Every structure is written in C-alpha cells, then in structure tokens.
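So the structure is just underneath, and the comments pick up after that.
As a basis for the values below, the full set of heavy atoms in this structure was taken, side chains included, without hydrogen atoms, waters or symmetry mates. Small disclaimer: the values here were computed from a predicted structure and weren't measured.
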Amino acid sequence: MISNNFTPRHNGVSNAADEAKMLKEIGVSSMEELIEKAVPAAIRLKEPMPIADGMNEYEFLNRCRALAQKNKMYKTYIGMGYYNTITPAVIQRNVFENAGWYTAYTPYQTEISQGRLEALMTYQTMVADMTGMALSNASLLDEATAGGECMLMFFANRSRAAQKAGVNKIFVDNGLLPQTLDVMRTNAAPRNIEIVTGNVDDFNFDGNQYFAVMVQNPNQFGEVRDYTEFIAKCHENNIFVGMATDLMALAMMKTPGEMGADCAFGSSQRFGLPMGFGGPHAGFFAFTEAFKRGFPGRIIGWSIDAKGNPALRMALGMREQHIKRDKATSNICTAAALQAIMSGFYAAYHGPEGIRAIAANIHGMATKLAEEAAKYGYKQHNRAFFDTLALECPVKTDQVKRVALTHEINFRYICEDCIGISLDETTSKQDVQEILNVLAEAAGKTAEEMQCCCCQPPVSMPAELQRQTAYLTHSVFNKYHSETEMMRYMKKLEVKDLSLNRAMIPLGSCTMKLNAAAEMLPLSWAEFGAIHPFAPADQTEGWTEMINEMEDLLAIVTGFAGVSLQPNSGSAGEYSGLTVIRNYHIDNGNAHRNVCLIPASAHGTNPASAAKAGMTVVVVKCNEMGDVDIEDLKVKVEEHKDNLSCIMITYPSTHGAFEEGILEIVDIIHNAGGLVYMDGANMNAQIGLTSPGHMGADVCHLNLHKSFAGPHGGGGSGVGPIAVNAKLLDFLPNHGQVEVGGKKGNAMSAAPYGNALLFPISYGYLLMLGGNGLTEATRHAILNANYLRARLQKYYKILYTNKNGMCGHEMIVDFSQFSLKVGVGDIARRLDDYGFHAPTVAFPVHNTLMVEPTESEPLSELDRLCDALIAIRQEIEDIMTGKYEEHNNPIANAPHTMQVVCAEEWNYPYSRKVAAFPLEHDDKYWPTISKIDDAYGDRNLQAVWPKEN
C-alpha cells in the first residue's frame, strides 16, 4: 500500500514544473532560497519536528475507526444541557456534510453570502419566537459562554447611579447549570463582579447591592416554575433578570419573554445537533430591544440593495472589535454559524406542529416514567417538569449506578440519595421500560410492564405554566416539511453563496485552506457524536486517546510543554491564554501586573480579549516597515514596567511579514517581568520552520479552523487551543465536572474539551501530513503568497515586505492612491463579478486588501486571481483618466446580478460582457443582490423575518 501520499493532495502546487515557474517569477532559484529570504535565520528551527511521516486517507480512517470502537455507546440520560437528538438526514447530508455550507466564511461580504444570511435569519427568528423575546443574535459559543456574556452585558448596562455607587453583585440561583456558573465566575473575576449563589426564593431584591439575577428554567434538576412576579419585583428595584432555558421545553412552557426576562440564553443543541462529546453547539442569546446596541456577538438584519430589493447583512457591530477594540462589547466575533443554521433548518423542517409533537412526546414519556417509578419507591421532587426527573431513591445511588451500568445506562447522580433522569426525542417506550427495569432491580423489586403512553402523551405540567402563545408562524417554518421541498430550499440557499468548493477565498488572516473530505468523515459517526461530555471516563477511552495524541502533537508544533483543547473559538483562545497569564501573576503575588502591550497592527479581538481579561491595553506603534517600533516598545515598557503583564503579538505580523526583531521584543518583555503571548492567527507560516516556544514566547493560542484545516462553517464553530510553557501548566483551563487542565486554572467553556466533535479534522491533518508534510505545507503557503506578490507588485503597491522584499504567507495590496475616485469596498465587490470572494477589506490598513492564498490553491487559481486584479487595475485606470464617470462604471456598479444583466434595459457605459464576464471563466458565479445599503440597515434594524399578511 502506498502511504504518506496526502501532502500532494493537500498542497495545490504539487508538480515541479509549476513550482519552478513560481520560483522564477519570485526571483529565487529554489524553495530553500525563498525560505531563507522570507524567514529570519535567527528564528528558524535547526532540526525537523519530531513527528512521524504522514499516512494515507485509508490508514487515517482506520485509525479513527479503531478509536471510535473504544467509545462505549451507552444509553445516556445525564442531561445537564446535553441530549441525544435526531439530526434529520436531509440536513445532515445537505448541510453538515456539504462543503458548500461548511467551507464558507463569515458573511462579512454581503453580496455573495445571501444564502447563509437567510439561514441565520431563520435561526434568529426561531430563537426569538421560541423564547418570546424581541431579538436574537446569530449565536454564541455555547450555553455557558452565553451565560457569562449575559452577566457582562447586564453589568455594562447598569444605570449611571448603579455604576457610580459601585453596584457589583449578581445573584445566581442554585438551579443554574454548574458549568455555566463556572464560566460566569471566570468572567466575573476581572471585572470585580461578586457572584452570590443561593435559593432564588431567598433573594432580598436589594437594588443597591445587586444589578442582576440569573435563573434557569427548567432548572438543572428539571423543575419548571413561573418567574413572572419575581421578575416584575426585580425590575421595580432596577435589577436585570437573565434566564437560561431550553428551546424544546419552550414548545410547551411559558416563555422568558412572557415572564418579562431581559435576556434568555441556552444551547440550540436539542434542535438537531449531536452531543459530540460537548460541542460544537450554537449558544442562543435573545434579548429585549433595550440591549440592541449592547449585545455580544453578531446579528443579521434586513436592508436593501442598490436596486431597492430586500437584502440581508450582518448588522450593527459587524466589525465591532476592529472599530472599538478594547472598548468592544465582547471579544466574540464569529461563533457557531453552521450549527445555528442546522438548528434553524431543524425548526423549518419540523415546523411548529412537528416541534410541539416532539416536545409533547418527550414530556409524556417523562410523565409516565415519574408515575411508574413511584411504584418502586422513587419520589419525584420537581413540582413541575418538562423532561427531567429529580428522583429521591429508596436505596443509595451507588446501588442504582451499579445496576444501571450493567444495563449500559447512564443517569446523573446528584448526591447519595438522588438521581436525575433526562429524556429526549430519541427515547422510546422500550427505553423507558428499560429505565424502570433498572430502578426496580436497584430497589430489589420486579418491574411491571409499562402500559403504552404514545397514542396520547400525558401532560403533567400545570396549565398556568403551559405556553399559550403561537410560535414559528412565518411561512419559512411552514413550507418545507417534505424532504424534497427541504432539500431544494437548502440547495437554493447554498448556491447563492461563494464557498471554497467554487473558488479560492483569499482572505488575509483567515487561512481558507482545504478541508479534506477524509478529515471530515468521522464527524458523522455516532461513536464520536453520540457521547455525552460528562460520560464516565471508561466509556470515552477513544476520545481520550485522540485528545492526548493531539495535545502531544500540538505541543511539538508550538514548542511548548502542554496544551488545552478547551477554548472553543479563536477569541476564546485569546481570552484563555490571557487568563492563564493573569492567574500566573496573581499566584506570584503580582496582581497589580495588568498592563497588556498590543501593537497597533493587531487584530481587533486582541484588545477586546485583553479588556475582558481585566487588563489595561497600551498600544505600541508600528514603524514604516509595518514592524513593531522597538524604540516605542522600550518607552512603553519603561513607563509600565512595574505593572507590565504581557505583550500580545501576532507572528508573522498582521502586516504579513516576519519581523526581524521578534527575539529582541521577547527579551525586552521578559526582562521587565512580563510574559509573551503569541497570537497564533498566522501560525500557518510558522509550522515546521519555527515555533512560538522556540522564539521564547510563554503562551500562544491556535486556530484549528485556520492553520489546522478546520472549516469555517460560514462563521463557526471553531477550536482555539492554547499552548503554554512549563511554568504555566498549572494554570491551563479546567472544568468542574471532569478533571482536566491545571489546578489553578479556570473553566472557559461549557464542556471540558470544548468543541470536541471538530477534533478529528485537525487530528487527520496532523496525522496524514506528518512532520515533513506539515513543514512542506508551510513552505507552499509562503511560496503561493510571494508568487502573488511578485505578479501583482507590477501593478499595485505592496505594503510591508521584509528587507529582502519578501512577504510571509499573506500580503497587503494598497489602493490608497485611487481612493478619491475608487473605493476599496467597490473593488472587493467587483471581484464578485470575476468569480472571487474578495480578500480582507481595509484591515489592518485602510484602503487595502489583505491577501492570503494558503498552500491549498493550485497555480491555475492563483493566476486567475492575479488576472482578475490586473484587469481591475485597468478598470481603475479608465476611471482615473475619465473614460468612465466616477459613479457609473464597472467597479462602482458592482456586483452585477443576473437580473441586472438580463434586463431589457441597459443604460450603462460598458457592455453586458464587461459587467458579468470580464474574463473568460467556465463556472460563472452570479451574486444574487446588488451593492448593499449598509446605512439603511443600521437605521432600520429588523433582525427577524418580517410579519406576513
């Protein structure tokens, strides 16, 4: 069998002739010379990474099957925010397993993103309807993160009087999920928020002490109650109320909106998403109109295009972190778009009647189980419930556990006297009977056969707690209930968008590389997807082995001593790494060290994450080469040396080149008692050539959804691991339910391993490429970027190359000389007509495009992008010289939709061919809207489907 053959499948330029042509264009004689000129010698590794050779796809999949077989597929009724679900096959096949959906980027470029924007609008409407709230964002990372963000949102929106008085307490009811409380504690500490826990019935409503209350309904033990009067009394005392809740339960029970809650949050996992050993799942976040200018994350809103047609866009704080930086509402930018889309489609496919039927069946089964369990001495403690029973046992729970495990069943063991049992949409009558068999056997009794309860599921929820309001009334939830209709609707949306399965996505700082099919296949296997994150360790040995091996490999790649895979996004990785640094200084008696130095070129989430971690951000200038101005750095370090916590630095820099002074920067910070945080956003240019640890950094985060081949999913989910040196190991993220991480760490996500279901992707990338292949991928990323630079610098100014004229794995093309007549945003939209997703617009420098080709693109596609930009250069020249009017030309009018091009009237000073077919291409992509009107959308925020006549 031929092994170690994945590298040429992954790298787009895989033959010697193409490579030689590119090297000649660059002006070097070999790949070795290119690397010598692009990467400083002082930081390059002297030896190859000690990672084995790669394997082929067949070997990798067999390896995954062997691991999957080590995971035990027990029936799980643990609950605690995680449930077995049924992902409709039409959604699994056509979305979850479809590159047209999972390889798309975050929909910043509106005109080529209308499909997933519509899908996210459906999700937002679903969440708003189910919760009874006015607005919903487009998802957060998970339920616990949403809880932490809810607390921070309330804290930021305290009245001026409360802020002046220093009101800093939040009361958290004992019914809140423990993992949510743990993440809230992590978020509270840097802001000096005091969390008080207790029974909500004992709350004193003191608005001079408390700014908010947090409850869960149904609570972690399953009890449902009406908080209407409680919330009204909170509001009388200027206290906000957040309510964690369950979307499926809300099909039957009174909503947070009806009760008057200010924010409702939770997990969308129950709407068709596998447990996946903890994630990814879309954390939902709904809120009142009062918070529409202060919510975390992204929101999709309606607007119009240049022709007056309805169009969707990311609204309000679309690029909030880049604009507000350390003053941003949150550090969360993208979150869990693909999972949100799947949950929205789940609601559309089942419709309101289908969702109600599923909920009624779950509740009916739970009601019947409670009735039958009582026969064997089990007392149900919840006065009202939806799906979860809190049972006081007639014997000790250890006895119940022993019997349950022999039947391959997992319950939640609350204490030595009580267990929790949570049912879900997969629970059958036979499953309930098996549960009763276990309960009876544990109690020393013989189980009776349960009578059928399926024809008319019993309802035990009191009438005053039952939902009376309609939901999912829009036609999108009432038209696509046959598989044929649903399949065609999802395909209709898919083809509106431009994803990696259609064309290159050259977004700078985003690393839109190949997401190989073999890497993706294990995500659909039940042996990985149907495992509860709190399942006993002896049932998750396959997962544990994969995770341990991944952590070891990533430690080698980064040059560090240890790794945590818990952070579930890049921004969460930043926050986690900075929290590690914060805790390290506190543990060493240096709590006052809270100044974080950040270069002016940094990604906007850097200062936002630093602020969230309680740090004071001080900006360091960049010089004319785009590098950190070391003289200014020395001044800032001297000024803040007594309080210096760390520097956050991206390497290669966000300007796209390897800085020669990185080792000096590291020394300057260390000599002043600070730590070095290296942002791994550009790790794709480091792997195998250098590493953060080799350069002396103390901590870094990685984006597995960038450098390690995870897909972007149209805006998430991702994985943002952190790697640390030996002195920081004890501060790695930990978890209250599962022993992971360091004893002095904090919980950063709801699940101990975050978005574990995504791990097989990067695991496959590491194993199939192997040590040499990983290095070769890095070399080709630098090759491709410098080839583009060499071709385009004849027509445009390229900013920030190194002393040898080389860039790293990306570059910045400057359009500022044309800005008086031609906007860079219009140039980006003109690329749509050429069949491309535009590069990153106006970041990190105004009037520029930042281009990153990655190693996965073939020479033909690189040339096609160059040809398009060269053709656009001529179009710019025609505008600058007066051939075209400034506001009526192929660039200003871009993109040109099929409706525009095929209209009977054509009143433009150029041909239809120039508009839509400026270069020959055999796979024409048609944008579905004309230029978006951003201002209209912000002035008229509408973030749900409009009401219909």
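- In this model, no donor atom of one side chain and acceptor atom of the other lie less than 3.5 Å apart for Q216 and T245.
- S499 and R502 share no side-chain donor-acceptor pair at under 3.5 Å.
- Taking the ring axis of F291 as reference, the NZ or CZ atom of R293 does not stay both within 45° of it and closer than 6.0 Å to the ring centre.
- In summary, the side chains of S113 and K496 do not present any donor paired with an acceptor at a separation below 3.5 Å, with no hydrogens or angles considered.
- With D129 contributing its side chain and L472 its backbone, the two residues share a donor-acceptor pair below 3.5 Å.
- The existence of a salt bridge linking K307 and D933 is excluded, since no basic side-chain nitrogen approaches an acidic carboxylate oxygen closer than 4.0 Å.
- With hydrogens and angles left out, the side-chain atoms of Q124 and N137 include no donor and acceptor closer than 3.5 Å.
- T897 and W926 share no side-chain donor-acceptor pair at under 3.5 Å.
- For the residue pair E574 / N606, a side-chain donor-acceptor distance below 3.5 Å is found, with atom types taken as modelled.
- Side-chain contact annotation: T145 with D142, donor-acceptor N/O pair under 3.5 Å present.
- Inspection of the R270 and S268 side chains reveals no N or O donor paired with an N or O acceptor under 3.5 Å.
- Classified by interplanar angle (parallel below 30°, tilted 30° to 60°, perpendicular above 60°), the ring pair Y82/H281 is tilted.
- Remark: F265 pairs with no residue by the ring-ring contact (aromatic ring centres under 6.0 Å, His included) rule, at least two apart or across chains.
- Aromatic ring orientation, F287 versus F295: parallel (interplanar angle below 30°, classes split at 30° and 60°).
- Side chains of Q339 and S717: a donor on one and an acceptor on the other come within 3.5 Å.
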Compile the donor-acceptor pairs under 3.5 Å between side chains in residues 99-106 and protein atoms, sequence neighbours left out, one pair per line.
| residue | atom | partner | partner atom | Å |
| --- | --- | --- | --- | --- |
| W101 | NE1 | N94 | O | 3.4 |
| T103 | OG1 | A99 | O | 2.6 |
| T103 | OG1 | L500 | N | 3.1 |

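- Using a cut-off of 4.0 Å between Lys/Arg side-chain N and Asp/Glu carboxylate O, R829 and D832 are scored as not salt-bridged.
- Checked by atom type, the side-chain pair Y575/N187 shows a donor-acceptor distance below 3.5 Å.
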